[in-house]
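Only a predicted model underlies this, so the values are computations on that prediction, with no experimental measurement involved. Start at 1 with the first residue, then count along the sequence.
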Amino acid sequence: MNFSQIESFLTIIRLGSLSKAAEQLYVSQSTISQRLHSIEKEYDVVLLNREKGVKSVTLTHEGERFYQLALRFETLYSETKNLKATSGEATISIGAVDSVHNYVLKDIYSKVFHEIPDIRLAIHTHQSNEIYYLIDQNNIDIGFSLQDRILKNVRVQKLFEEQMVMIQKKKTGSLKSKVENSRLSSKKQLFINWGMDYQIWHEKHWGPTSNTFIQIDTAKMLGDFLEEEEMWAIVPVSIARDFHEKGLVDVFLLKDPPPSRSCFQVEKEGMNGRIKQVSELILASKAEIGEIVRPWNP
């Protein structure tokens, strides 16, 4: 396996087709196909689903696993290639869900970058259930997961806990601060899956998640959908506060509140000195994080 093969595979995934990958890399489509076939033959795996009439590519189970390895290979190759230019620098890879990156830790990352010299941050978005695997396989250095697990040689510490609240498009003269759960229609809900405990609570009031009409993956998608009258969503208070400060939403508590969500800092035991520096600075920033996730006071 060589870098041109990895580069071709990743370009196929990023652009969604072999033909676009060939165009991007200035090679023929047959060359791209050959590089992909060489990887599959060398490791005796099938990486892509090949269905007639389907133009976009999808990964097989083996392809998903290889994709994570390919990303790591690409990073290592890039670091090796730039070893001389970055002598003395250290790259720290951090993984978390989108909402933690964008609404809780973004200022903390800036603080890390400015306070620790010769540091390079690689910030990646992953699902909570992926974080522990990525830490265990040394694919990321520090992770932030919404799940608490016990794993050998992995240290887990609660970083913060935050309240869940309801948001709606801002209205002039809105005075109510608490809302009866029964007054909210599932047809007007923007549903984001905040974990198993949340799903159990949600089902008690609105039935299975299949009853919801709009399901989204990231909080950043909320803005456009909330423009429609009476649409509502339940989000962590850090997101609600960000939207409220921008004048986009009103924030409400529910009579039967959702379970709060917790975020855990996950890292390998025996981490090196630079990773430890970053880890300790983030943990030392709990007061700043606590201000972001403080309970909503109507």
Side-chain angles (χ1 to χ4, degrees), residues 13-14 16 54-59 64 95-106 124-131 144-147 162-263 292-293 296 298:
I13 304 309
R14 287 163 178 161
V54 179
K55 293 183 179 180
S56 60
V57 299
T58 58
L59 291 167
E64 291 281 0
V97 296
D98 166 80
S99 58
V100 171
H101 279 322
N102 288 302
Y103 296 96
V104 182
L105 295 181
K106 60 181 180 179
H124 305 287
T125 299
H126 298 286
Q127 296 299 315
S128 272
N129 57 6
E130 296 179 304
I131 297 296
F144 300 98
S145 175
L146 305 180
Q147 300 174 0
E162 65 178 321
Q163 175 189 38
M164 302 289 288
V165 296
M166 193 269 281
I167 59 174
Q168 272 188 316
K169 180 182 178 181
K170 191 169 187 62
K171 293 182 180 178
T172 302
S174 181
L175 298 176
K176 59 185 178 180
S177 60
K178 278 198 175 182
V179 176
E180 289 281 358
N181 301 58
S182 59
R183 294 179 65 86
L184 297 170
S185 168
S186 61
K187 293 182 179 180
K188 293 291 187 178
Q189 183 183 16
L190 301 171
F191 179 82
I192 303 178
N193 183 1
W194 298 113
M196 184 57 67
D197 290 343
Y198 176 78
Q199 288 186 57
I200 293 170
W201 171 85
H202 181 277
E203 188 165 334
K204 180 174 69 172
H205 293 287
W206 298 286
T209 56
S210 57
N211 288 351
T212 57
F213 284 67
I214 302 178
Q215 299 186 19
I216 56 181
D217 287 330
T218 65
K220 283 191 173 292
M221 296 180 67
L222 285 170
D224 291 336
F225 284 111
L226 283 170
E227 282 297 311
E228 187 176 334
E229 290 296 324
E230 305 304 323
M231 295 299 286
W232 59 277
I234 295 172
V235 299
V237 71
S238 55
I239 296 174
R241 184 164 281 117
D242 182 272
F243 278 49
H244 184 265
E245 288 174 355
K246 293 174 180 175
L248 300 176
V249 301
D250 288 316
V251 182
F252 307 98
L253 305 181
L254 295 177
K255 288 292 179 67
D256 179 24
S260 60
R261 77 164 183 174
S262 297
C263 179
I292 296 169
V293 301
W296 185 259

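His244 pairs by the ring pair (Phe, Tyr, Trp, His ring centres under 6.0 Å) definition with Trp296, not counting sequence neighbours. Scored by the side-chain hydrogen bond (donor to acceptor under 3.5 Å, both in side chains) test, Gln189 finds His202 as partners (sequence neighbours excluded). Residues that satisfy the ring pair (Phe, Tyr, Trp, His ring centres under 6.0 Å) test with His205, not counting sequence neighbours, are Trp201. Listed by chain and residue number, Lys169 satisfy the salt bridge (Lys or Arg N to Asp or Glu O under 4.0 Å) test with Glu229 (two or more places apart in sequence, or in another chain). Partners of Glu228 by side-chain hydrogen bond (donor to acceptor under 3.5 Å, both in side chains), not counting sequence neighbours: none found.
A salt bridge links Lys171 with Glu230; the closest basic N to acidic carboxylate O contact falls under 4.0 Å.
Distance check: Gln127 CD to Ser145 OG gives 10.0 Å after rounding to the nearest 0.5 Å. Of the inter-residue distances, the one linking Ile239 atom CD1 with Met164 atom CE reads 7.5 Å to the nearest 0.5 angstrom. The CZ atom of Phe243 sits 13.5 Å away from the CG atom of Asp250 when rounded to the nearest 0.5 Å. A distance of 7.5 Å separates CD1 in Ile234 from CG in Asn181, rounded to the nearest 0.5 Å. A distance of 8.5 Å separates CG of Asn102 from OG1 of Thr218, quoted to the nearest 0.5 Å. Note that OG1 of Thr212 is 11.0 Å distant from CD1 of Ile192, once rounded to the nearest 0.5 Å.
Listed by first and then second residue, the ring pair (Phe, Tyr, Trp, His ring centres under 6.0 Å) pairs involving residues 219-242 are Trp206-Trp232 (not counting sequence neighbours).
Within a 6.0 Å radius of CG in Asp217, no more than 12 heavy atoms belonging to other residues, nucleotides or ligands are found. Heavy atoms from other residues, nucleotides or ligands lying under 6.0 Å from CG of Asp224 number 12 at most.
A distance-only check finds no donor-acceptor pair linking the side chain of His124 to the backbone of Gly95 [under 3.5 Å].
The minimum heavy-atom distance linking Ile292 with Arg241 is given by the pair O-NH1, 3.0 Å. Across all their heavy atoms, Ser238 and Val293 have their closest contact at CB-CG1, 4.3 Å. Closest heavy-atom contact between Gln168 and Leu226: CA-CD2, 4.4 Å. Nearest heavy-atom pair across Val237 and Val165 is CA-CG2, 4.3 Å. Taking both residues in full, the closest heavy atoms of Asp98 and Thr125 are given as N-CG2, 3.7 Å, listed atom of the first, atom of the second, then distance. Closest heavy-atom contact between Ala240 and Val249: O-CG2, 4.1 Å.
Between Pro236 and Trp194 there is a side-chain heavy-atom pair separated by less than 4.5 Å.
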Determine, step by step, whether Met196 and Ile200 satisfy the side-chain contact (heavy atoms from CB on, under 4.5 Å) criterion, reporting the C-alpha distance in whole Å, the side-chain angles of both residues, the deciding distance to 0.1 Å, and the verdict.
CA-CA 6 Å; Met196 184 57 67; Ile200 293 170; 4.2 Å; yes
